[in-house]
Amino acid sequence: MRLMQRNWIGRSRGLQFAFSTSGAPEGFDRIEVYTTRPDTLMGASFVAVSPDHPLARHLERHDENVAGFVAECRRIGTSEEALEKAEKKGIDTGIRVRHPFDEAWEMPVYIANFILMDYGTGAIFGCPAHDQRDLDFARKYGLPHPDVFVALDAPEPVEATAFVPPKTEAVRYVRGFAGEEVQTGEAAIDAAIAFCEENSVGHGVTQYRLRDWGISRQRYWGCPIPVVHCPACGVVPENKENLPVELPMDVSFDTPGNPLERHPTWKNCTCPRCGGAATRETDTMDTFVDSSWYFARFTAPRATTPTDRAEADYWMNVDQYIGGIEHAILHLLYSRFFARAMVQTGHLPDSAKEPFDALFTQGMVTHEIYMTRDGRGRPVYHLPEDVEEGKLRTTGEAVTIIPSAKMSKSKKNVVDPVNIIGAFGADTARWFVLSDSPPERDVEWTSAGAEATYRHLSRVWRLADELAQAPEAGSAGEDLALQKAAHRAIAEVTRGIETFTFNKSVAALYALTNALQKSGAGRAARAEALRIMAQLMAPMVPHLAEEVWQMAGGSGLVAAAPWPQADPALLVEDTVTLPIQINGKRRSEISVPRDAGKDEVERIALADDAVIRALAGGAPKKLIVVPGRIVNVVV
RNA sequence: GCCCGAGUGGCGGAACGGUAGACGCAGGGGAUUCAAAAUCCUCCGCCCUAGCGGGUGUGUGAGUUCGAAUCUCACCUCGGGCACCA
């Protein structure tokens with residue numbers, strides 16, 4: 001998670017410096033470049049700038065060839081996929097630069113299609129030996145590719161494949177200029193930056209990758225952006241007393257597009273500055289803007305200011321964030337950013353700089369997608385409940401089944417638990433949803449088994465109902481056995497809830513139900529076990545739990561009763577069954593007292609039939625006894 | 001291409017390096033019933049065996065260990081993210 005965010009932010013440390021030029025137009029006597037590998041400066045063979053670089057823009061106006069090339073780059077440049085497949089191309093500007101360490105060393109300046117204007121300075125120096133893109137480019141245009149460093153074990157010069165070892169790996173520098181001859185890339189980079197700073201060649205720079213942080217969307221569903229477009233004053237912010245600008249309710253979605261665009265009374269307004277006729281911004285904010293700070297707002301939902309500091313101080317932080325992995329680098333990152341800003345503006349306490357104390361990443365619920373096509377061949381999606389055996393319920397038309405994907409309203413592959421609730425009740429629906437899959441995993445939705453869940457809950461109710469018929473007193477042994485089972489359930493259900501493995505909690509409750517059903521315990525012991533069961537299942541099946549609680553003699557509401565505590569003394573067994581392995585394979589098992597010493601376990605194990613057979617009179621080569629766990633005999 | 005994550009019965013899934021498959025679903029057999037529903041009992045990874053029992057088995061291949069689903073390395077498949085970032 002943190003790694004994904006780190007990659008997204010794209011922090012890098014490098015060197016920024018300038019090449020001095022010759023033959024360049026006025027105002028371009030220096031070209032600033034940025035590199036994360038300043039240690040490869042002696043392997044430079046060309047300089048390349050982005051088609052959007054000021055130099056390229058300048059040349060575009062004076063040179064037909066350049067204009068043609070740049071236009072071509074822009075044409076391809078729109079689609080990311082095209083960009084990926086596009087060949088590395090460039091055009092020689094005729095301009096030359098001098099190497100910062102050697103006045104006599106000249107290199108050509110290209111405009112190249114693979115250089116991005118919005119990262120670094122929009123200009124690079126190419127080091128073909130240690131960058132595949134640069135190497136492809138250099139080979140295409142017949143430029144040299146001198147090695148800067150070689151592998152320690154196989155010092156071969158670079159040919160078709162650039163030599164790019166991890167920065168943590170030590171290599172031998174053959175054209176180094178700072179630091180040791182043999183050093184890691186990391187060390188060399190640090191040494192190179194230090195060297196360049198000392199010699200006033202350049203300075204170290206930490207870069208962040210900038211990505212699309214635009215917040216506006218052309219749609220109705222979102223907070224209006226409180227900005228007014230005035231023909232006289234231009235773009236004007238709405239006055240504070242008019243905030244918030246609220247969405248109009250009387251909109252229709254009959255025609256495609258943003259309804260705000262064609263809403264006359266909302267769209268037309270007066271300019272907050274000059275009072276003249278103006279129009280509102282019809283773009284709205286993406287929902288991530290709201291979701292990035294709603295948890296802070298929730299601490300004081302009726303406050304007239306964004307937050308109430310006393311309330312925020314009291315309630316923040318968020319104890320537990322639960323969300324899908326798709327939020328990892330979007331919502332979670334934006335929220336952290338917002339929280340930092342809100343700490344600085346005084347809306348949140350300092351401790352909320354990181355607003356979430358814990359994160360649980362839940363899986364997605366998936367379902368098949370059912371599709372037909374309309375008269376014009378456009379896809380039409382259908383709800384699962386409208387489809388039966390591959391055909392539409394209404395018309396009998398066959399549907400195309402698209403493999404399972406995350407549920408989405410637009411694809412209509414959503415299911416509503418309302419069917420289960422209608423047939424079996426809310427308790428069954430909740431238990432069913434929690435029972436099988438651990439929540440961090442993706443699950444294919446199926447309602448198969450809902451009925452079985454209902455049968456199980458009925459069985460629990462029946463067990464409570466039959467309590468009166470149980471014998472007044474059971475044997476002490478049976479009573480104790482049931483008590484132990486109940487306390488084991490307390491331990492397991494509690495652990496399951498605390499670790500979000502609700503499926504394991506449910507499994508433990510099944511086990512307790514089975515134990516109760518088979519038990520010969522007396523009425524008091526059964527009632528106690530039932531009360532514990534009611535408490536343990538209350539979070540999952542609150543209605544049934546209250547009933548069972550009452551039937552078993554609980555007082556008040558089970559929801560108000562304190563969570564039961566497992567008695568450690570009841571969690572241990574007096575005798576344990578130990579598996580016996582012979583050469584690591586399970587061959588037998590023995591029963592020993594819980595507190596049996598190693599010697600005693602050994603003695604019992606060596607008396608076991610299977611062990612005697614395996615040893616055939618000889619002595620074991622080795623005997624491993626892990627108390628309470630296992631015995632392994634090596635022969 | 002790079003970076004994460006996951007691969008266990010027919011299915012959902014359990015297993016601090018210590019009896020693989022808990023618990024559930026589906027399925028088989030039986031009891032009860034005139035019959036059914038409901039309920040209860042029982043079996044249930046695969047192969048061999050009449051049975052007792054044996055072999056084999058956690059994506060594939062190696063390794064560490066007395067012992068590996070679990071740890072290490074390589075590979076395969078699937079899912080997700082990023083993707084010319086100098």
Side-chain angles (χ1 to χ4, degrees), chain A residues 1-8 10-12 14-16 33-38 40 48 50 77 80-81 83-88 112-127 130-134 136-137 207-211 324-326 328-330 361 363-364 366 404-406 431-432 435-438 440-444 446 448-453 455-456 458-459 462 492 501 503-514 517-518 577-589 620-626 628-635:
Chain A
M1 181 68 62
R2 292 205 179 103
L3 193 75
M4 282 167 86
Q5 295 194 353
R6 189 167 301 147
N7 291 343
W8 177 266
R11 179 187 150 121
S12 66
L15 177 76
Q16 185 166 330
V33 298
Y34 173 72
T35 177
T36 54
R37 293 307 299 257
T40 64
S50 163
E80 224 167 60
E81 198 179 340
L83 208 66
E84 182 188 342
K85 289 188 184 127
E87 198 186 347
K88 297 192 183 3
N113 62 352
F114 62 97
I115 310 299
L116 305 174
M117 190 57 220
D118 35 350
Y119 191 79
T121 60
I124 62 142
F125 76 83
C127 176
H130 306 293
D131 184 300
Q132 192 60 44
R133 290 162 310 182
D134 293 350
D136 293 345
F137 190 82
Q207 279 277 355
Y208 297 92
R209 182 166 22 170
L210 278 179
R211 294 196 188 238
I325 186 71
E326 71 272 21
I329 52 175
L330 298 175
T361 308
M364 295 182 294
T366 63
S404 250
K406 178 189 171 183
W431 181 281
F432 174 66
S435 64
D436 272 344
S437 274
E440 74 272 16
R441 210 174 289 198
D442 289 351
V443 284
E444 165 77 15
T446 167
E451 197 182 339
T453 298
R455 282 202 301 267
H456 171 257
S458 305
R459 188 157 64 117
R462 219 178 306 122
E492 284 174 35
T501 46
N503 55 324
K504 288 191 231 167
S505 293
V506 168
L509 284 167
Y510 271 113
L512 180 57
T513 309
N514 290 339
Q517 181 151 18
K518 293 196 167 76
T577 305
L578 286 189
I580 298 199
Q581 292 185 337
I582 291 165
N583 293 335
K585 289 200 187 278
R586 183 188 166 279
R587 280 298 124 102
S588 183
E589 58 184 36
K621 220 185 253 175
K622 199 168 181 182
L623 191 62
I624 291 136
V625 178
V626 183
R629 276 282 168 207
I630 205 164
V631 178
N632 191 8
V633 185
V634 184
V635 299

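Letters A, B, ... are given to chains in the order of the sequence lines, protein chains preceding strands, and every chain is numbered from 1.
Nearer to the 5' terminus of RNA chain B, by closest-nucleotide assignment, is the contact made by A:Thr501 (compared with the other of A:Thr35 and A:Thr501). Mapping A:Asp131 and A:Ser458 onto RNA chain B via the closest heavy atom, the residue that lands nearer the 5' end is A:Ser458.
In a base pair of the Watson-Crick type (N1 to N3 plus N6-O4 or O6-N4) or a G-U wobble (N1-O2 and O6-N3), with each distance short of 3.5 Å, B:U70 is matched with no nucleotide. The partner of B:G7 is B:C76, judged by Watson-Crick or G-U wobble contacts that both fall below 3.5 Å. Pairing for B:C52 is absent, with no Watson-Crick or G-U wobble pair whose two atom distances lie under 3.5 Å. The nucleotide B:C44 finds no pairing partner, because no Watson-Crick or G-U wobble arrangement with both distances shorter than 3.5 Å includes it. Nucleotide B:U58 forms no Watson-Crick or G-U wobble pair with any nucleotide shown, as no partner meets the under 3.5 Å limit on both distances. With both pairing distances under 3.5 Å, B:U39 is matched to B:A31 as a Watson-Crick or G-U wobble pair. Nucleotide B:A14: unpaired (no Watson-Crick or G-U wobble partner with both distances less than 3.5 Å). Nucleotide B:G1: paired with B:C82 (Watson-Crick or G-U wobble, both distances less than 3.5 Å).
For the pair A:Ile124 CD1 and B:C84 P, the interatomic distance rounds to 14 Å; values are reported in whole Å. Atom CD in A:Glu589 sits about 11 Å away from atom P in B:A20, given to the nearest Å. If you take CZ of A:Arg455 and C1' of B:C23, they are 16 Å apart, rounded to a whole angstrom. Taking atom CD on A:Glu440 and atom P on B:G7, their separation rounds to 10 Å, with Å as the unit. Taking atom NE2 of A:His456 as the reference point, atom C1' of B:A38 lies 17 Å away to the nearest angstrom. Residue A:Ile624 contributes atom CD1, which lies 14 Å from atom P of B:G18 at whole-angstrom precision. One atom, CD1 of A:Ile630, and another, P of B:U65, lie 18 Å apart when rounded to the nearest Å. Taking atom CD on A:Gln132 and atom C1' on B:C2, their separation rounds to 14 Å, with Å as the unit.
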Query - side-chain contact (heavy atoms from CB on, under 4.5 Å) between A:Phe137 and A:Asn113, intermediate numbers included - result: CA-CA 10 Å; A:Phe137 190 82; A:Asn113 62 352; 5.8 Å; no
Query - Steps toward side-chain contact (heavy atoms from CB on, under 4.5 Å) verdict (A:Arg37, A:His130) - result: CA-CA 9 Å; A:Arg37 293 307 299 257; A:His130 306 293; over 6 Å; no
Report task. Could you walk me through whether A:Asp134 and A:Phe125 pass side-chain contact (heavy atoms from CB on, under 4.5 Å), step by step? Result -> CA-CA 9 Å; A:Asp134 293 350; A:Phe125 76 83; over 6 Å; no
Requested in this report: Before giving the answer on side-chain contact (heavy atoms from CB on, under 4.5 Å), spell out for A:Arg459 and A:Asn514 the whole-Å C-alpha distance, their side-chain angles and the decisive distance to 0.1 Å.
Outcome: CA-CA 10 Å; A:Arg459 188 157 64 117; A:Asn514 290 339; 3.2 Å; yes
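Nucleic acid contact for A:Ala452: sugar-phosphate only, since backbone atoms but no base atoms lie under 4.0 Å from a heavy atom of the residue. A:Leu623 comes within contact range of no nucleotide atom at all, as no heavy-atom separation falls under 4.0 Å. Contact annotation for A:Tyr510: backbone-only contact, meaning every heavy-atom pair under 4.0 Å involves sugar-phosphate atoms and none involves a base. Nucleic acid contact for A:Asn503: sugar-phosphate only, since backbone atoms but no base atoms lie under 4.0 Å from a heavy atom of the residue. Heavy atoms of A:Val626 sit under 4.0 angstrom from at least one base atom.
Note: A:Tyr510 and A:Trp431 have perpendicular aromatic rings, judged against thresholds of 30 and 60 degrees for the angle between ring planes.
For the C1' atoms, the distance linking B:U58 with B:A50 amounts to 32 Å, nearest Å. The P atoms of B:C78 and B:A26 are separated by 32 Å, rounded to the nearest whole Å. Rounded to the nearest Å, the gap between the P atom of B:U72 and that of B:G5 is 11 Å. Separating the P atom of B:U39 from that of B:G59 is a span of 37 Å, rounded to the nearest Å. Of the C1' atoms belonging to B:C52 and B:G57, the separation is 22 Å, rounded to the nearest Å. The separation of B:G13 from B:A6, taken at their P atoms, amounts to 14 Å, rounded to a whole angstrom. Using atom C1' as the reference point in both B:C82 and B:A14, the two lie 35 Å apart (nearest Å). Only the P atoms considered, B:G55 is 23 Å distant from B:G18, to the nearest whole Å.
Among the nucleotides B:C23, B:G79, B:U19, the one closest to any side-chain atom of A:Asp442 is B:G79. Among the nucleotides B:A26, B:A86, B:G12, the one closest to the side chain of A:Asp436 is B:G12. If you check B:G18, B:G54, B:G13 against the side chain of A:Arg587, the one that comes closest is B:G54. With distances taken from any side-chain atom of A:Pro579 to the nucleotides B:A26, B:A86, B:U19, the minimum falls on B:U19. Listed nucleotides: B:C41, B:G12, B:A20. Nearest to the side chain of A:Gln581: B:A20. Of the candidate nucleotides B:G12, B:C40, B:U19, B:G12 has the atom lying nearest to any side-chain atom of A:Ser437. Among B:A86, B:G55, B:G13, the nucleotide with an atom closest to any side-chain atom of A:Arg441 is B:G13. Closest to the side chain of A:Lys504, out of B:A15, B:G55, B:U42, is B:A15. Among the nucleotides B:A86, B:U19, B:C40, the one closest to the side chain of A:Ser12 is B:A86. Each of B:A22, B:G24, B:G18 was ranked by its minimum atom distance to the side chain of A:Asn514; first place goes to B:G24.
OP1 or OP2 of B:C23 has not a single side-chain nitrogen or oxygen of A:Ser435 nearer than 4.0 Å. Between A:Asn583 and B:C66, a side-chain N or O to OP1/OP2 separation shorter than 4.0 Å is absent. For B:C40, one of the phosphate oxygens OP1 or OP2 lies less than 4.0 angstrom from a side-chain nitrogen or oxygen of A:Gln517. For A:Lys585 and B:U19, the shortest distance from a side-chain N or O to OP1 or OP2 is not below 4.0 Å.
Nucleotide B:G67 is shown with an anti base, its glycosidic torsion being more than 90° from 0.
A:Thr366 contributes a side-chain N or O that, together with a main-chain N or O of A:Val443, makes up a donor-acceptor pair within less than 3.5 Å. No side-chain donor-acceptor contact under 3.5 Å links A:Thr35 to the backbone of A:Leu15.
Taking CG of A:Asn632 as the start and CG of A:Leu578 as the end, the distance is 12.0 Å to the nearest 0.5 Å.
Between A:Phe432 and A:Thr453, the closest heavy-atom pair is CD1-OG1, 3.5 Å.
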